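The figures that follow rest on heavy atoms only: side chains count, while hydrogens, waters and symmetry mates do not. Predicted model only: the values in this text are computed from it and were never measured. Throughout, protein chains are lettered first and strands after them, A, B, ... in sequence-line order, and every chain is numbered starting at 1.
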Amino acid sequence: MLRLTCPCCGAAADETELAPGGEAHLLRQGPGSSDDAFEAYLFQRKNPYGVHFERWRHAHGCGKWFHAARDTRTLEVFGTYSAQVSAPPQDILDRIAEKHPGFSSEGGQ
Amino acid sequence: MSETARSQGLARIEAVAGRGMITLKGDMDSRRFKNVLAKALDLPLPDPLRCAFEGARGIGWMAPDEVLIFVPGAEVPEALAALRDKIGDDHITAVDVSDARAQFRLTGPGAREVLAKLSPVDFAPARFVPGTFRRTRLAQVPVAVWQKDADRFGLVCFRSVGGYVAGLLANAAAPGAEVGYFTAGG
Ligand SMILES: [Zn+2]
């Protein structure tokens, strides 16, 4: 069972109170982008066995979107953070680095 | 089972009719928002995940930009007018949602357990305390639930699922359905 603390209201929300929003920090590709970049934006998603950055919505709660960093292998949650950022904040990256030395997040695609 | 049903088993469950509810939305961090509440209704803005009641009137914290105001049904037009008068041209909205929601009252020592059976929220007596206000899930539908005092809880859901919620609560509170999970901890 996955529990995430919503950074918008502070509630410890059960997975069944949340709506998943898929991979976080995607960089939008629109008019003017190459076909390959547009296809990757629409369809190509990371599916790591390990650290993953995700979007979630506190659907059965305050209703707000937020970000979460967790390990898909151990289900460890490194933290949740604001939806209004385009890359994970440093404190989250520091917590990940403690468990996964040398881990680097490329941000977008 | 209709949403007006009463049942008595683990807890007394009553559908509460005639309560007025007003949704107030806006920038809650602004001084204007707090002023509107204080001047129109003489009620303070509760902290996140909290509610505050004074007699029949109260406020529940719904979201970072939304509160739910409880007043007796007959006072809704007056309260709405007072709110809109204080809001003026500000980007704050006040809407009467009394008919959109059904309200329930759960009383008795087993009320906590009835709710805990149906929701993923931690209802441990040390965690869910008087004044706690939490939006969550009751079986398959969204609700907001709060604790008023020791053995008294309130709950609102969309009126369209009021019959379903009444049935859920009655079933979870049926005589003989006690689990006794919280009794050791008080
Ligand atoms: Zn939330």
Over 12 non-hydrogen atoms of neighbours within 6.0 angstrom of [atom1] in [X]:
{"X": "B:Q140", "atom1": "CD", "answer": "no"}
{"X": "A:K99", "atom1": "NZ", "answer": "no"}
{"X": "B:D149", "atom1": "CG", "answer": "yes"}
{"X": "B:F158", "atom1": "CZ", "answer": "no"}

Shorter than 4.5 Å, heavy atoms on both sides: which option in B:D65, B:V121, B:V143 has the most such pairs with chain A?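 Of the options given, most contacts go to B:D65.
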Looking at chain A, which one of B:R135, B:E66, B:M62 has the largest number of heavy-atom pairs inside 4.5 Å, strictly under?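 That would be B:R135.
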Would you mind checking which part of A:A59 comes under 4.5 Å of any heavy atom in chain B, side chain (CB onward), backbone (N, CA, C, O), both or neither?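 For A:A59, no heavy atom lies under 4.5 Å from chain B.
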Shortest non-hydrogen separation from [X] to [Y] and the atoms involved:
{"X": "A:C8", "Y": "B:W61", "result": "O-CH2, 4.1 Å"}
{"X": "B:P120", "Y": "A:D14", "result": "CB-CB, 3.5 Å"}
{"X": "A:E17", "Y": "B:R137", "result": "OE2-N, 4.3 Å"}
{"X": "B:A63", "Y": "A:C62", "result": "CB-O, 3.4 Å"}

Is there a continuous path of hydrophobic side-chain contacts, each under 4.5 Å between heavy atoms, that joins B:F104 to B:L10?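 As far as the 4.5 Å side-chain criterion goes, B:L10 and B:F104 are connected within one cluster.
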Is it possible for you to say whether B:I92 and B:V71 belong to one hydrophobic cluster, with membership spreading through side-chain heavy-atom contacts below 4.5 Å?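 Same hydrophobic cluster.
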Measure distances from B:V141 to the heavy atoms of chain A and classify the residue's part below 4.5 Å as side chain, backbone, both or neither.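 Only the backbone of B:V141 comes within 4.5 Å of chain A.
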